[in-house]
Every structure is written in C-alpha cells, then in structure tokens.
There are 2 protein chains.
Amino acid sequence: MYTLTEENYLKAIYKLSVQTGNVSTNQIAASLATKASSVTDMLRKLADKLLINYTRYQGVSLTQTGEKVAVNIIRRHRLWEYFLVEKLNFKWDEVHDMAEEMEHISSTELIDRLDEFMGFPARDPHGDPIPDCNGNFKINDLKPISAIPVHSGGVISGVRDHSSAFLQYLEKQELTIGKKITVKEIISYDNTVVLQMDNKNLHISRDVANNLLIAL
Amino acid sequence: MYTLTEENYLKAIYKLSVQTGNVSTNQIAASLATKASSVTDMLRKLADKLLINYTRYQGVSLTQTGEKVAVNIIRRHRLWEYFLVEKLNFKWDEVHDMAEEMEHISSTELIDRLDEFMGFPARDPHGDPIPDCNGNFKINDLKPISAIPVHSGGVISGVRDHSSAFLQYLEKQELTIGKKITVKEIISYDNTVVLQMDNKNLHISRDVANNLLIAL
DNA sequence: TAAGTTTTTTAGACTTGTCTAAAAATACAA
DNA sequence: TTGTATTTTTAGACAAGTCTAAAAAACTTA
Ligand SMILES: [Mn+2]
Ligand SMILES: [Mn+2]
Ligand SMILES: [Mn+2]
Ligand SMILES: [Mn+2]
C-alpha cells in the first residue's frame with residue numbers, strides 16, 4: 001500500500017508529533033538521518049496522498065489516515081519485538097533493528113495472527129504499549145525516576161532511551177521491567193539518585209534517572 | 001548486503017538453472033514478469049558484483065557466491081512458510097506471498113533462531129526441502145504421479161505447481177502431503193489417472209498427475 | 001524596523017530499477 | 001548459404017528517493 005520510505009516518514013512524524021505537536025522539516029530530517037531538502041520533497045508527496053497536513057514553511061501534522069498508518073507500523077514493530085524476545089530469546093537490546101525491517105511486512109492478517117499466537121501482549125519488551133488491531137492503546141502514564149519525590153517509588157515499566165548501550169547498562173544493574181524500586185535519596189552535589197531495590201542500595205546518575213520510567 | 005531486487009533476480013536464476021542449466025535473458029524476464037531489457041541491465045550489475053557468470057548473448061549461471069546467496073533466500077522463504085503454517089495456522093495455499101516479503105529480512109541470527117524455534121524442519125509446507133544454516137539440503141528425489149507405472153504407488157510428498165488454485169484443489173480432494181496412494185489404472189481415452197487412497201478410488205486429470213509428486 | 005541568522009524550499013543532478021523502440025547478434029530454415 | 005525470425009542488447013527516457021548549492025521565507029535581536 002505505501003512504500004517503505006513513506007512508512008518510515010509517517011512513523012517519524014508520528015513519534016515527533018506526540019512529543020511536540022506540529023513537526024518541522026529539520027526535526028524529521030534529523031530523526032531519519034537525511035537532509036532537509038529530501039524531507040521537503042517527500043512532504044509534498046505525502047500531502048498529495050492526504051497523509052499529512054502541510055503548508056510550506058509551516059511544519060506538518062498527520063491526517064487521520066496518516067495517523068492510522070503510523071500507529072499500524074508501530075503495532076507491527078512492537079509485536080515483532082515481542083516475538084523476537086519472547087519466542088526467539090533475543091535480548092531487549094538486540095531486537096530494534098530487526099523489527100525495523102519486519103515492521104514493513106504488509107499483511108494485516110499475518111500481524112493479527114501473530115498477535116493472537118502470542119496471546120495479545122499489551123506491551124513490547126521496552127514497556128511500550130502495543131496498539132490492538134483497531135489501533136487502540138492506552139498512552140503510557142509513566143514518569144521518569146528523576147520526576148518523583150524522595151521516599152516514593154514504583155515499578156520499572158519503561159525506558160525513554162532505547163539505545164543498546166542504555167539497555168545493556170540496565171540489564172547489568174538488573175534494572176529491568178517489573179522490578180520494584182524506591183528513591184532513597186538524591187545527592188545534591190551531582191543529582192545522583194540512590195535507589196533501593198531488592199533490599200540493596202543502587203546509585204544511578206541523573207541521566208539514567210531521566211530515562212528510566214516507572215509506574216507509581 | 002544485497003538489494004531486494006538483486007535477491008529476487010538471484011533466486012529466479014537459481015530456480016531456472018536447476019531445471020535447465022544456463023539461463024536465458026527471456027527466461028528470467030518471464031519468471032520475474034519484467035522486460036528483457038531490464039534483465040540485461042541487471043545482469044551487468046550482478047556480473048560486476050561477481051554473483052553471476054555472464055557474457056553477452058550467452059545466458060548466465062550463478063557463481064559460487066551467487067548460489068550461496070540464492071540458497072539462503074530459499075532457506076528464509078521456506079522457513080517463514082513453515083512458520084506461517086505451523087505456528088500461525090495459515091493454510092498451505094495462503095503463505096507464498098507473505099513469505100515472498102519475509103524472505104528479504106536480512107538477519108541470519110534471526111533466521112537461525114527461527115529454525116531452532118521450530119525444531120529444524122526438513123521440509124516446507126509444500127514438501128520442498130529447507131536448506132540448513134550452511135546451505136546444505138538433499139535434492140527432492142520425487143516423481144510426478146504421471147511418471148510411475150500402474151499398480152505402483154507411494155507417499156504424496158510435494159507439488160510442482162505452487163498456485164493457490166492447485167493447492168486448494170488438492171486440499172479439497174484430501175490429496176495432502178503424507179497421504180499414501182496407489183495408481184490403479186490409467187484411462188487411455190484422456191489419460192485420467194485413477195488413484196486408490198484410503199480404500200477409495202479417486203480420478204485425477206493428467207495435468208494434476210503431472211504436478212503432484214510422490215516418494216516411492 | 002533593519003540586519004543578520006536560521007530554517008525551509010527550490011533547482012539541478014545522481015542512483016536504482018524500470019520501460020519502449022530500435023539496433024545488433026544469433027538461430028533456424030529453405 | 002542466404003534470408004528471415006527470434007533473442008538479446010543498446011539508447012534514451014522516466015519515477016522514486018536522495019544529495020549539494022543557492023534562493024527565499026521566517027525568525028531574532030538590537
Ligand atoms: Mn524498537
Ligand atoms: Mn520497543
Ligand atoms: Mn513459496
Ligand atoms: Mn513452499
């Protein structure tokens with residue numbers, strides 16, 4: 001239905017507009033590692049196909065159709081990531097690039113059966129919600145550890161940074177999804193956060209605390 | 001490593017050269033539903049990359065590298081077909097087009113783990129052998145029903161025609177892989193073949209007998 | 001409001017893979 | 001062996017997606 005490139009643009013625009021509303025040409029270029037001029041060309045094509053709202057110099061937003069397509073790509077991405085981790089035993093830091101290819105397999109029947117085969121999982125290996133076959137999903141109501149007060153806590157439920165480096169670090173510290181943590185102290189000198197987990201104390205940097213999400 | 005188009009050409013050349021030795025430009029064009037001139041262009045590129053042996057007007061054959069790539073694509077195709085049938089409960093006539101897309105997912109680690117996940121199947125849903133991770137597989141030693149003498153028989157083990165129409169017909173007649181059949185008679189008027197299967201008699205046309213393969 | 005800076009768009013070119021039409025090579029048949 | 005039919009290759013063009021360089025629009029900021 002849509003080319004691989006069109007799908008990648010729509011997904012990028014979707015992800016950027018969740019964070020920031022209207023999306024700029026430069027933002028898209030950065031997120032796809034391409035040049036602004038290439039983005040402008042593609043934006044005209046996507047607008048012609050009624051997938052985005054676009055007026056020159058004004059930035060873009062997705063139309064309803066565009067958003068539907070984008071959410072569907074995300075559904076496919078996250079289901080394949082779940083498959084790779086749960087069925088093929090890959091680690092959570094290994095699956096993104098493979099899913100990046102697999103998300104473009106076009107059959108909806110296939111993806112719906114995959115969903116069923118795995119028991120309709122609600123979240124992917126990184127804690128991100130998996131849209132159902134109608135594109136519905138609840139938005140993650142998660143907070144970074146850096147945003148909760150001392151002496152409060154919750155369950156590790158997601159990450160903001162999806163890089164291998166970050167995921168591998170978390171795995172090593174056993175800061176994985178499902179673990180219960182409490183913030184014991186914030187060291188004012190450098191904002192290091194002291195966590196309690198499994199009755200042990202653990203020091204994490206401000207950076208890590210910003211990118212590790214918990215459900216209260 | 002190779003583009004989707006390059007992979008499709010290599011697979012087509014491989015399949016044609018199994019049947020006929022050196023492959024002609026027109027054969028490739030027909031098998032990929034493209035034009036001879038497009039094929040010529042691509043042949044020059046594949047030859048530059050040392051994937052095929054090509055001299056103008058002489059037809060082509062795969063180099064060792066080219067053959068390795070082709071066999072690997074076939075491995076991926078057949079493993080995904082097996083997955084779709086055995087894990088996602090698709091029927092054998094529904095999976096080819098999906099596998100046609102999935103065979104281009106590039107990770108070897110992924111395909112090897114998929115292979116393991118399914119218990120290293122030897123044959124795909126159509127009875128075709130699945131190459132192992134080193135590209136080894138035994139060539140199907142199967143004969144069309146039309147080629148065996150009256151009163152002999154064997155086990156249905158593969159098909160020569162992979163079209164939905166043919167596969168659906170076989171399914172309906174319960175002429176599926178694993179069934180034991182015996183040739184009772186060949187009606188000389190129109191070469192209809194009378195089979196015995198499950199203690200019942202079944203008439204199949206010469207065409208069907210040509211495309212249904214059995215192991216003796 | 002007038003520079004100056006940054007962002008976005010346009011112009012023109014390149015690559016991959018495709019096509020049609022025409023030319024060249026090969027095959028076949030009298 | 002010569003002429004015709006078929007196959008294959010070349011020439012030139014096009015669409016998708018990308019790039020660099022330059023122009024235009026939109027912001028900043030004094
Ligand atoms: Mn991912
Ligand atoms: Mn994910
Ligand atoms: Mn197939
Ligand atoms: Mn098959």
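Reckoned from all heavy atoms, side chains included, excluding hydrogens, waters and symmetry mates. Lettering follows sequence order; numbering is per chain, from 1.
- Contacts of residues 28-38 of chain A with DNA chain C (heavy atom under 4.0 Å): Ala36(A), Ser37(A).
- The stretch residues 108-134 of chain A participates, sequence neighbours left out, in these ring pair (Phe, Tyr, Trp, His ring centres under 6.0 Å) pairs: His126(A)-His162(A).
- Under the rule for a salt bridge (charged side-chain N to carboxylate O under 4.0 Å, His left out), the partners of Glu6(B) that lie at least two apart in sequence or sit in another chain are Lys49(B).
- Whole-Å rounding puts the Asp48(B) CG to dT16(C) P distance at 11 Å.
- Taking 4.0 angstrom as the limit, Asn26(A) places a side-chain polar atom (N or O) nearer than this to OP1 or OP2 of dT8(C).
- Listed by first and then second residue, the ring pair (Phe, Tyr, Trp, His ring centres under 6.0 Å) pairs involving residues 89-110 of chain A are His77(A)-His96(A) (not counting sequence neighbours).
- Against DNA chain C, the stretch residues 50-63 of chain A makes heavy-atom approaches under 4.0 Å through Tyr54(A), Arg56(A), Tyr57(A).
- Within the structure, salt bridge (charged side-chain N to carboxylate O under 4.0 Å, His left out) contacts touching residues 56-77 of chain A (residues at least two apart or in different chains) are Glu7(A)-Arg76(A), Arg75(A)-Asp112(A), Arg75(A)-Asp115(A).
- The side chain of Thr3(B) contributes no N or O atom lying less than 4.0 Å from OP1 or OP2 of dT16(C).
- The nucleotide range of DNA chain D contacted by chain B, defined by atoms under 4.0 angstrom from heavy atoms of the protein and reported 5' to 3', is dT7(D) to dT10(D).
- When heavy atoms are screened at a 4.0 angstrom cut-off, Thr25(A) is found touching the sugar-phosphate backbone but no base atom.
- Note that the CD1 atom of Ile177(B) and the CG atom of Leu175(B) stand 11.5 Å from one another [nearest 0.5 Å].
- Across residues 6-18 of chain A, not one residue has a non-hydrogen atom less than 4.0 Å from an atom of DNA chain C.
- The stretch residues 130-142 of chain A participates, sequence neighbours left out, in these side chain to side chain donor-acceptor pair (under 3.5 Å) pairs: Arg123(A)-Asn140(A).
- A straight line from CZ of Arg44(B) to P of dT16(C) spans 14 Å, rounded to a whole angstrom.
- Remark: Lys11(A) engages Glu100(A), Glu103(A) in a salt bridge (charged side-chain N to carboxylate O under 4.0 Å, His left out) (not counting sequence neighbours).
- Here CZ of Arg78(A) is found 8.0 Å from CD1 of Ile130(A). Values are rounded to the nearest 0.5 Å.
- Rounded to whole Å, atom C1' of dG12(C) lies 11 Å from atom CG of Asp41(A).
- In this view, Ala12(B) and Ser31(B), Leu32(B) satisfy the side-chain contact (heavy atoms from CB on, under 4.5 Å) rule, not counting sequence neighbours.
- Between the side chains of Ser24(A) and Asn26(A), no donor N or O sits under 3.5 Å from an acceptor N or O.
- Ring geometry, Tyr169(A) versus Phe166(A): the interplanar angle falls under 30°, so the pair is classed parallel (tilted spans 30 to 60°).
- For Ser107(B), the side chain to side chain donor-acceptor pair (under 3.5 Å) test picks out no residue, with sequence neighbours left out.
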Side chain to side chain donor-acceptor pair (under 3.5 Å) evaluation trace for Asp190(B) with Thr192(B)
CA-CA 6 Å; Asp190(B) 61 357; Thr192(B) 289; 2.9 Å; yes
